[in-house]
Amino acid sequence: MTVVETAPFPRYMVCNADEMEQGTFKDRVLIHTDPHQIIEGMIIVGYSVLAEKGIIFIRSSYENAARILEREIVRAKEAGFLGNNILGSGFSMEIAVHRSAGRYICGENTAQINAIEGRRANPRQPPPYSTEKGIWGLPTVTHNVETLACVPHILRNGPEWFKSLANTPTGAGTKLYCVSGRVNRPGCFELPMGTRLSEIIEDHAGGLPEGCEYKACLPGGASTRFLPKEFYHIEMDFDTMKQAGHRLGTGSIIVFDHKTCLVGATLNMLEFFARESCGWCTPCREGLPYIRDILALIEAGEGREEFIPLLRRVSKYLWNSYCALAPGAASPVESLLTYFEDEVQEHISQRRCPFK
Amino acid sequence: MTTQVLFQNRQPNRIATLEEYRKSGGYEALTMRLGSTQGPKCSRSLLMLYFLAAGAQVFRLEESG
């Protein structure tokens with residue numbers, strides 16, 4: 001017996017549009033481009049698991065996007081694609097737009113369920129998984145915006161067609177790559193999964209400005225590891241990145257040039273993560289502000305030699321936290337020490353930021 | 001120019017309408033699925049195939065424990 005066949009009703013289908021990862025804006029672009037592919041994807045997934053209640057959980061500052069979705073949901077309903085007895089099939093579904101409480105942690109799957117229920121958005125520890133006991137203890141399936149938007153295209157054209165769109169044998173489909181930071185044309189580009197990083201930066205984002213050299217990038221938002229020069233031609237797909245010891249994450253590339261201080265950049269990210277910690281577990285609540293403060297001292301020229309092993313040790317503790325926020329925050333710190341320890345060392349020995 | 005799937009209806013400074021989406025094949029997949037005599041189970045199998053192919057995280061839809 002399967003959950004789908006035996007689980008109670010009503011069941012929930014959640015579209016996670018709580019996009020708050022730094023450098024990531026693909027969901028917003030998708031909603032502002034062609035929102036019906038997301039709505040259709042939700043209805044198809046809803047039908048496949050017989051979920052009659054759909055919720056689009058959207059970042060609170062995406063008010064325009066929320067209004068677009070509300071308006072287009074009404075249009076889909078008027079056209080008979082939503083509501084009671086859709087297209088005479090006997091299947092009914094409603095979709096509501098739910099504004100997030102405005103915190104990064106609300107995008108975490110289990111914290112999101114608490115947020116929808118009106119509770120404080122702390123993560124829950126599975127099991128039970130949300131597909132068994134999610135919103136109000138009922139089965140809940142959650143997917144992100146990009147995944148759901150792909151669903152109608154896959155079902156219409158077939159999985160073989162979708163796989164053939166990728167550049168790599170293990171990849172599938174296209175990917176929305178957001179590029180920001182030190183490039184001439186920042187933006188959101190739809191490219192084959194597995195497109196090389198160098199091609200995304202040079203051919204689509206216009207390369208780096210004159211006089212700037214590529215130093216590193218964060219390949220998938222702030223929760224991923226710095227990719228230094230030796231990975232400049234890497235194929236940007238899940239498997240290739242994993243084999244290289246990295247993560248594709250959201251596929252949102254933040255580019256840094258040789259004049260950018262990566263200690264300062266990492267500090268900036270840690271300020272965000274420390275502020276956004278829900279405070280539920282000790283490694284995250286205590287560890288993130290601690291690392292932030294050490295990085296601030298180093299950046300201000302007040303660092304000491306022992307800070308480097310200390311950063312390494314405290315970053316390891318972050319992996320013992322309750323959800324993925326703290327391990328994600330550890331990624332830029334750990335990779336800073338792996339690839340750019342010399343730069344951290346220079347801050348300490350010169351007692352100032354060498355980039356200022 | 002690479003194949004545009006999600007951005008095929010992308011317009012400068014405006015949102016694609018429901019009519020434009022339908023002209024490009026939108027809601028055909030839903031109509032096909034809901035009209036299918038195989039019911040939701042077939043859709044589930046196709047979706048699982050896609051989610052696995054795409055490397056996405058697959059939630060435990062098909063297990064009870």
Side-chain angles (χ1 to χ4, degrees), chain A residues 1-4 6 29-37 40 43-45 47-50 68 72 75-76 79 81 86-89 91 129-132 141-144 146-147 149-156 159 162-163 165 170-174 176 188 190-193 195 237-239, chain B:
Chain A
M1 298 299 265
T2 67
V3 169
V4 173
T6 59
V29 173
L30 263 179
I31 295 166
H32 280 257
T33 299
D34 203 356
H36 279 282
Q37 51 193 342
E40 187 185 1
I43 305 167
I44 292 169
V45 174
Y47 175 63
S48 70
V49 294
L50 298 175
I68 288 166
E72 298 306 322
R75 287 183 182 159
F81 298 123
I86 299 170
L87 302 172
S89 65
F91 173 67
Y129 291 90
S130 57
T131 44
E132 295 160 54
V141 174
T142 302
H143 285 296
N144 70 40
E146 190 179 355
T147 302
C150 287
V151 168
H153 302 286
I154 314 280
L155 286 195
R156 206 168 63 240
F162 193 65
K163 270 195 80 69
L165 296 173
T170 53
T174 58
L176 299 183
C188 184
E190 182 177 13
L191 300 168
M193 176 69 85
T195 302
D237 85 347
F238 292 101
D239 274 14
Chain B
M1 190 65 184
T2 53
T3 306
Q4 299 290 283
V5 178
L6 300 176
F7 283 170
Q8 61 181 294
N9 292 323
R10 197 174 188 182
Q11 308 279 344
N13 304 320
R14 72 175 183 84
I15 300 156
T17 62
L18 174 59
E19 291 68 35
E20 285 167 330
Y21 181 62
R22 291 192 70 180
K23 265 186 196 163
S24 66
Y27 287 107
E28 269 178 22
L30 178 70
T31 309
M32 202 165 67
R33 278 298 109 210
L34 290 183
S36 164
T37 50
Q38 291 164 308
K41 195 163 187 177
C42 178
S43 300
R44 278 202 297 278
S45 308
L46 280 168
L47 285 173
M48 290 298 281
L49 188 65
Y50 155 59
F51 289 137
L52 288 168
Q57 185 183 0
V58 178
F59 293 103
R60 300 183 352 151
L61 286 173
E62 303 291 339
E63 296 169 29
S64 58

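Order of the sequence lines sets the chain letters (A, B, ...), proteins ahead of strands, with each chain counted from 1.
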Asks: Just verifying a value: how many Å separate B/Arg33 CZ and A/Ser48 OG, rounded to the nearest 0.5 Å?
Replies: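 Nearest 0.5 Å value for the CZ-OG distance: 10.0 Å.
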Asks: Is there a side-chain contact between B/Arg10 and A/Glu190 (heavy atoms, below 4.5 Å)?
Replies: no
Asks: Sort out for me which of A/Ala79, A/Pro152, A/Ala76, A/Gly88 touches chain B most, counting heavy-atom pairs under 4.5 Å.
Replies: A/Pro152
Asks: Could you grab the distance from atom CG of A/Asp34 to atom CD of B/Gln8, nearest 0.5 Å is fine?
Replies: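 Between atom CG of A/Asp34 and atom CD of B/Gln8 there are 7.0 Å.
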Asks: Taking all heavy atoms of B/Met32 and all of A/Arg156, pick out the closest pair and write down the distance.
Replies: CE-CA, 4.3 Å
Asks: Write down the atom of B/Tyr21, the atom of A/His36, and the distance for their closest heavy-atom approach.
Replies: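 In terms of heavy atoms, the two residues are closest at CD2-CB, 3.3 Å.
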Asks: So for A/Phe91, is it side chain, backbone, both, or neither that comes closer than 4.5 Å to the heavy atoms of chain B?
Replies: side chain
Asks: If you tally heavy-atom pairs under 4.5 Å against chain B, which of A/Leu176, A/Leu191, A/Thr195 wins?
Replies: A/Leu176
Asks: In terms of heavy-atom proximity below 4.5 Å to chain A, should B/Arg14 be classed as side chain, backbone, both, or neither?
Replies: backbone
Asks: Who passes salt bridge (charged side-chain N to carboxylate O under 4.0 Å, His left out) against A/Glu72, sequence neighbours left out?
Replies: A/Arg75
Asks: Which value, rounded to the nearest 0.5 Å, describes the distance between A/Ile86 atom CD1 and B/Leu34 atom CG?
Replies: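 These two atoms lie 6.5 Å from each other.
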Asks: Flag the pair A/Thr174 / B/Thr2 as yes when at least one side-chain heavy-atom distance between them is below 4.5 Å, and no otherwise.
Replies: no
Asks: Donor-acceptor pair, distance only, cut-off 3.5 Å: does the side chain of A/Glu40 make one with the backbone of B/Gly26?
Replies: no
Asks: With a 4.5 Å cut-off on heavy-atom pairs, point out which of B/Asn9, B/Thr31, B/Val5, B/Thr17 contacts chain A the most.
Replies: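 Among the listed options, the one with the most contacts to chain A is B/Val5.
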Asks: For residues B/Leu6 and A/Cys150, determine if any side-chain heavy atom of one lies less than 4.5 Å from a side-chain heavy atom of the other.
Replies: yes
